[in-house]
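Every heavy atom of this structure was used, including side-chain atoms; hydrogens, water molecules and symmetry mates were not. The first residue in the sequence is number 1, and the count goes up from there. The structure presented is a predicted model; accordingly, all values stated were derived computationally and were not measured.
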Amino acid sequence: MDINWANVFEWSSLLKCFVVGGLICIIGQILIDKTKLTPARILVIFVTTGAILGGLGIYKCVVDFAGAGATVPLTGFGYNLAKGAIEGVKETGLVGAFTGGIKAASGGIAAAVFFGYLASLISKPKMKKQ
């Protein structure tokens, strides 16, 4: 059985995913290099931006265009929280605003905790020198 890999991967989708994800990472790197913002503040900015754009329906267009290039970075986490909260409100009312985001993002949160724990076992963390 011969597999034609050109048909398996849609190269234009991979390119869009790479470019959008790369642009998000470039923005983060510029914020790290050119501002005095701490990585934690940049993380909060990215998640909040994703949640706001997701709540307004703008980030959905980015996700439709770039797929994983938009959902994997931190902005995608914020988008996922907002999308879950909106769906939760539709299902259970006001309580869904608080529980829907966590339900939607629970897989990512569990993976972050698990792999963060593994990284802490393997590495020797140090504080950043000012």
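Taking every heavy atom of both residues into account, Pro73 and Ala68 meet most closely at CD-O, 3.9 Å. Across every non-hydrogen atom of Val62 and Ala70, the tightest pair is CG1-CB, 3.7 Å. Across all non-hydrogen atoms, the minimal contact from Gly55 to Ala82 is N-CB, 3.9 Å. The two residues Gly54 and Ile86 come nearest to each other via the heavy atoms O-CD1, 4.4 Å.
Val20 and Ile30 are assigned to two separate hydrophobic clusters, defined by single-linkage of ILVMFWY side chains at heavy-atom distances under 4.5 Å. Criterion: ILVMFWY side-chain heavy atoms under 4.5 Å apart, direct or through other members. Under it, Phe65 and Ile26 are not part of a common hydrophobic cluster. In terms of hydrophobic clustering, with Ile, Leu, Val, Met, Phe, Trp and Tyr side chains grouped at heavy-atom distances under 4.5 Å, Leu43 and Val72 are assigned to different clusters.
To the nearest 0.5 Å, atoms CG (Leu81) and OG1 (Thr48) are separated by 10.0 Å. One distance of note links CD1 of Ile27 with CD1 of Ile32; it measures 12.5 Å at 0.5 Å rounding. Between the CG atom in Leu74 and the CD1 atom in Ile45 there is a gap of 11.5 Å [rounded to 0.5 Å].
Here ring-ring contact (aromatic ring centres under 6.0 Å, His included) pairs that include residues 14-61, with residues two or more places apart or in two chains, are Tyr59-Tyr79. Pairs of residues two or more places apart, or lying in two chains, never qualify as salt bridge (charged side-chain N to carboxylate O under 4.0 Å, His left out) while including a residue from residues 39-55. The list of ring-ring contact (aromatic ring centres under 6.0 Å, His included) pairs with a residue in residues 88-127, not counting sequence neighbours, is empty. Within the structure, side chain to side chain donor-acceptor pair (under 3.5 Å) pairs that include any residue of residues 22-31 comprise Gln29-Asp33 (at least two apart or interchain). Counting only residues at least two apart or in different chains, side chain to side chain donor-acceptor pair (under 3.5 Å) contacts with residues 86-109 are absent.
Other residues, nucleotides and ligands place more than 12 heavy atoms under 6.0 Å from the CD1 atom of Ile109.
Although no hydrogens or angles enter the test, the distance criterion places no donor-acceptor pair under 3.5 Å between the side chain of Asn80 and the main chain of Thr71.
Listed by chain and number, the residues in a ring pair (Phe, Tyr, Trp, His ring centres under 6.0 Å) with Phe77 amount to none (sequence neighbours excluded). Under the side chain to side chain contact (heavy atoms under 4.5 Å, CB included) criterion, Thr35 pairs with Leu31, Leu37, sequence neighbours left out. Take Ala97 and apply the side chain to side chain contact (heavy atoms under 4.5 Å, CB included) test, not counting sequence neighbours, and it matches Val89. Residues passing the side chain to side chain contact (heavy atoms under 4.5 Å, CB included) test with Val19 are Leu15, Leu23, sequence neighbours excluded. By the salt bridge (charged side-chain N to carboxylate O under 4.0 Å, His left out) test, Lys60 pairs with Asp64, sequence neighbours left out. The side chain to side chain contact (heavy atoms under 4.5 Å, CB included) search around Ile122 returns none, not counting sequence neighbours.
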Worksheet item: So Leu53 and Thr75, side chain to side chain contact (heavy atoms under 4.5 Å, CB included) or not? Walk me through it.
Response: CA-CA 9 Å; Leu53 294 176; Thr75 50; over 6 Å; no
